[in-house]
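In what follows, a structure is listed as C-alpha cells, so that the remarks can point back to it.
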Amino acid sequence: MSSTSTSVTTTATPLVLGTTIPYGSAAAGQVLIYNEGPSTVYLGANQDVTATTGSPLAAGETLPVALPGGRTVYAITASGSAIVRLTVL
C-alpha cells in the first residue's frame, strides 16, 4: 500500500500517486482519495477541471476510485486550500 499527500489550491493540481499504476494495465488500481480539508475540493480527469465542472469532495470525505493505469486525477478548490491524501490499495 502506498500513500501520498498533496496541497490543493485554486490552481488545478495533479494528485500524484506514490506508486505508478502502469498505463494500459489490465486491472484498474484501487485508490482512496481523502480530503483532509479545510476546503472542498473538486475532482476531474484533466487540468481543465474547475470548481464548476469538477465533482465535489467535501472536507472529511473519502472517495474510492478504480483508477485505470496511466491515468491521473486533478483537483482544485474554489477558494482557500485543502490537503488531499491518495492511498493505493
Side-chain angles (χ1 to χ4, degrees):
M1 199 167 14
S2 175
S3 182
T4 61
S5 177
T6 304
S7 178
V8 176
T9 63
T10 56
T11 300
T13 304
L15 302 179
V16 179
L17 300 172
T19 59
T20 301
I21 301 168
Y23 186 79
S25 175
Q30 291 295 97
V31 178
L32 290 178
I33 303 173
Y34 172 65
N35 180 6
E36 285 190 12
S39 298
T40 296
V41 296
Y42 300 86
L43 305 173
N46 58 47
Q47 66 274 11
D48 296 330
V49 67
T50 68
T52 302
T53 62
S55 298
L57 185 65
E61 288 187 338
T62 300
L63 177 67
V65 176
L67 191 63
R71 301 288 191 246
T72 301
V73 174
Y74 287 79
I76 194 167
T77 62
S79 63
S81 64
I83 300 297
V84 177
R85 294 196 181 277
L86 260 64
T87 302
V88 179
L89 303 177

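Just so you know, these numbers use all the heavy atoms, side chains as well, and skip hydrogens, waters and symmetry mates. The shown structure was predicted, so the numbers you read here are calculated from the model rather than taken from an experiment.
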**OP:** State yes or no: do V84 and V31 share one hydrophobic cluster built from I, L, V, M, F, W and Y residues joined by side-chain heavy-atom distances below 4.5 Å, directly or via other members?
**Re:** yes

Original post:
Which heavy atom in T13 sits nearest to a heavy atom in S7, and how many Å separate them?
Top reply: CG2-O, 4.0 Å

Original post:
Are the side chain of T77 and the backbone N or O of T9 linked by a donor-acceptor pair below 3.5 Å?
Top reply: yes

Original post:
For T52, which residues count as a side-chain hydrogen bond (donor to acceptor under 3.5 Å, both in side chains) partner, sequence neighbours excluded?
Top reply: none

Under 3.5 Å, which donor-acceptor pairs link side chains of residues 38-46 to any protein atom two or more places apart or in another chain?
residue : atom : partner : partner atom : Å
S39     : OG   : S79     : O            : 3.2
S39     : OG   : S81     : O            : 3.1
N46     : OD1  : D48     : N            : 2.8

Original post:
Who pairs with E61 by side-chain hydrogen bond (donor to acceptor under 3.5 Å, both in side chains), at least two apart in sequence or on another chain?
Top reply: none

Original post:
Looking only at heavy atoms, what is the nearest atom pair of A51 and A78, with distance?
Top reply: CB-CB, 3.8 Å

**OP:** Under the side-chain contact (heavy atoms from CB on, under 4.5 Å) rule, what do V8 and L15 come out as? Steps first, then yes or no, please.
**Re:** CA-CA 9 Å; V8 176; L15 302 179; 4.0 Å; yes

Subject >> Contact summary for I83 and S5, nearest pair of heavy atoms >> reply: CG2-OG, 3.2 Å

Original post:
To the nearest 0.5 Å, how far apart are CZ in R85 and OG1 in T6?
Top reply: 9.5 Å

Original post:
Taking atom CG of L32 and atom CG of L86, what is their separation to the nearest 0.5 Å?
Top reply: 8.5 Å

Original post:
What is the minimum heavy-atom distance between A12 and V49, and which atoms define it?
Top reply: CB-CG1, 4.0 Å

